[in-house]
A.B. asks: 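Handing you this structure, nothing more for now.
Predicted model, so just to flag it, every value in this text is computed and none were measured. Residue numbers start from 1 in every chain, and the chains themselves are labelled A, B, ... in the order their sequence lines are given, proteins ahead of strands.
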Amino acid sequence: MLDIKLIRANPEEVKKRLATRDKNLPALIDKLLEIDQQRRELIKQVEQLQAQRKKLSKEIGILYKNKQAEQAEQLKGEVNRIAQQINDLKEKLSQLEKQFQQILLSIPNLPHPSVPIGEDENDNVEVRRWGEPRKFNFQPKPHWEIGEKLGILDFERGAKLSGSRFTVMYNKGARLERALINFMLDLHTKEHGYTEVWTPVLVRPEALIGTGQLPKFEEDLYKVCDENLYLLPTAEVSLTNLHMDEILKEEELPKYYTAYTPCFRREAGSHGKDVRGILRQHQFDKVELVKIVKPENSYQELEKLVNEAEKVLQLLELPYRVVELCTGDLGFSAAKTYDIEVWIPSQNRYREISSCSNTEDFQARRSKIRYKDKEGKNHFVHTLNGSGLAVGRTLLAIMENYQTEDGDFEIPKVLKDYI
RNA sequence: GGAUGGGUGCCCGAGCGGCCGAAGGGGCAGCACUGGAAAUGCUGUGUGCGGUUUUUCCGCACCGUGGGUUCAAAUCCCACCCCAUCCGCCA
């Protein structure tokens, strides 16, 4: 959520920056400001009337005490009239307030000035590469072929049980999944100072509103029938909202959290995309990284966060590149995002395996996560999140990059103790 | 699923329809005491919105949420949400 005060103070600047995401946003800001003005005018009127009512009511009380009932009765009539006016105005006000909130909640975050301007993923900027894609002296196979032949990936039974984009894994596949989770959690807790967390995977709408998935992206989520709960699309939601509605102490910051959770996404808009294999599933495992920090450190923390996610790929010796998302490709809550893309031999290109974002105070404002400074003043924290990493995609990348000519694949050295 | 209790400030907790933004305690900050500290004492300390000569000050709102009663609601009534405990059921 953007700060309405910021929008009021610099409407043109805000519109200009939002337009780099989406050309339709400036008009929405105009509408918001219009409603805001009406709303404030009404608030002023209502408050004046309420102040009057309060004053007169007190006088009535005193009159009764002094046994001047007649005069009290007279005043009552007047207060009744004022109360009626207040009611009328309040009704209008609550309408406006509703619209106001609804629009404000649907406006995405402002891109950081350093974010490259662009329309879609083609305008993303490569920041660096690590590792050399392996030269194969045979035709590398896609992971689904390897997996099916080895009998470790079972798409048919996945579909039988749950539908398309669900997969069953056996033996080496299932064990590798588990090994990767442990490996990643150990790395982040032991080397990078994160606190390991285990969270529910069913969450309330409040949490999803806090991190920005709701109200706008309901169609991407699985909702539990007959309960007001949703399946977690990412542990960013549960980890960030651990501190929903809290005022933290300054010395508690920064907080680093990591959690393994399954993630559930409907993939509503992506029919026909990446339909083969396990790249895009309705259910996948992820180890998530979340940081809650003071505003002045957040960009430094973002760079660190990306490095921490990269470390996983470096240790697994998987080639990757880091790209900076352009304005048009930024997620709703993000002010700045780096994607890490791992090399996929069968596609002869890099594919996203992690996305690391600084949302600044956008989520903090929605989730009401603040901290109190030394002077006793409250400020919104900055929140960051990143995959560290998407486990299924890591598994896929290992299968393809470490494949052998006979249709099997090797296990990266660092995982030997885990499997 | 059945029964009961409860949601008040950073935390705990009291609160007769007007004098309650709200007692008391804890925490935190400042000061005093001390060689320094602990202990102790004193003082201060909610949030949001709106206005403002924008350091200041003023107004309004907020005691889970939304309605209602009343001249006046944290306090009374109704609905909803949430939490806890017990019983049943299940792992």
A.B. asks: Return the pairing partner of B/C76 with a 3.5 Å limit on both distances, Watson-Crick or G-U wobble; otherwise return none.
C.D. replies: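 When the pairing criteria are applied, B/G68 turns out to be the nucleotide that pairs with B/C76.
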A.B. asks: Can you tell me how far CG of A/D120 sits from CG of A/D329, rounded to the nearest 0.5 angstrom?
C.D. replies: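 Going from CG on A/D329 over to CG on A/D120, the span is 7.0 Å.
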A.B. asks: Look only at the side chain of A/R8 and the backbone of A/Q37, and say whether a donor-acceptor pair between them is shorter than 3.5 Å.
C.D. replies: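 Absent.
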A.B. asks: Suppose we define a pair by two distances each less than 3.5 Å, Watson-Crick or G-U wobble; what does B/U43 pair with here?
C.D. replies: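 Result: B/A29.
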A.B. asks: Both distances under 3.5 Å, Watson-Crick or G-U wobble: report the partner of B/C63, or none.
C.D. replies: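 Partner of B/C63: none.
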A.B. asks: Does the structure show a Watson-Crick or G-U wobble partner for B/A3, both distances under 3.5 Å? Name it, or say none.
C.D. replies: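 B/A3 is paired, partner B/U85.
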A.B. asks: Do the ring planes of A/H112 and A/Y299 sit parallel (below 30°), tilted (30 to 60°) or perpendicular (above 60°)?
C.D. replies: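 The rings of A/H112 and A/Y299 sit tilted, inter-plane angle from 30° to 60°.
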A.B. asks: Using both distances under 3.5 Å as the test, list the Watson-Crick or G-U wobble partner of B/A37, or none.
C.D. replies: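 Partner of B/A37: none.
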A.B. asks: Using nucleotides 53-59 of chain B, report all nitrogen or oxygen pairs with the protein that are shorter than 3.5 Å.
C.D. replies:
from: B/G59; atom 1: N2; to: A/E47; atom 2: OE1; distance (Å): 2.9
from: B/G59; atom 1: N2; to: A/E47; atom 2: OE2; distance (Å): 3.2

A.B. asks: Strictly by Watson-Crick or wobble contacts shorter than 3.5 Å, is anything paired with B/U53, and which nucleotide is it?
C.D. replies: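 Here B/U53 is not engaged in any pair, so there is no nucleotide opposite it.
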A.B. asks: Please state how far atom CD in A/Q38 lies from atom C1' in B/G50, giving the value in whole angstrom units.
C.D. replies: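 That distance rounds to 17 Å.
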A.B. asks: Any base atoms under 4.0 Å from A/R81, or only sugar-phosphate, or nothing? Heavy atoms, all strands.
C.D. replies: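 No contact at all - A/R81 keeps every heavy atom at 4.0 Å or more from the nucleic acid.
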A.B. asks: With a 4.0 Å cutoff (strictly under), does any side-chain N or O of A/R40 reach OP1 or OP2 of B/G51?
C.D. replies: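 For B/G51, OP1/OP2 do have a side-chain N/O of A/R40 under 4.0 Å.
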A.B. asks: Is A/N378 close enough to B/G46 that one of its side-chain N or O atoms is under 4.0 Å from OP1 or OP2 there?
C.D. replies: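 No.
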A.B. asks: Can you figure out which of B/U47, B/A72, B/C49 approaches the side chain of A/S57 most closely?
C.D. replies: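 Between B/U47, B/A72, B/C49, the one nearest the side chain of A/S57 would be B/A72.
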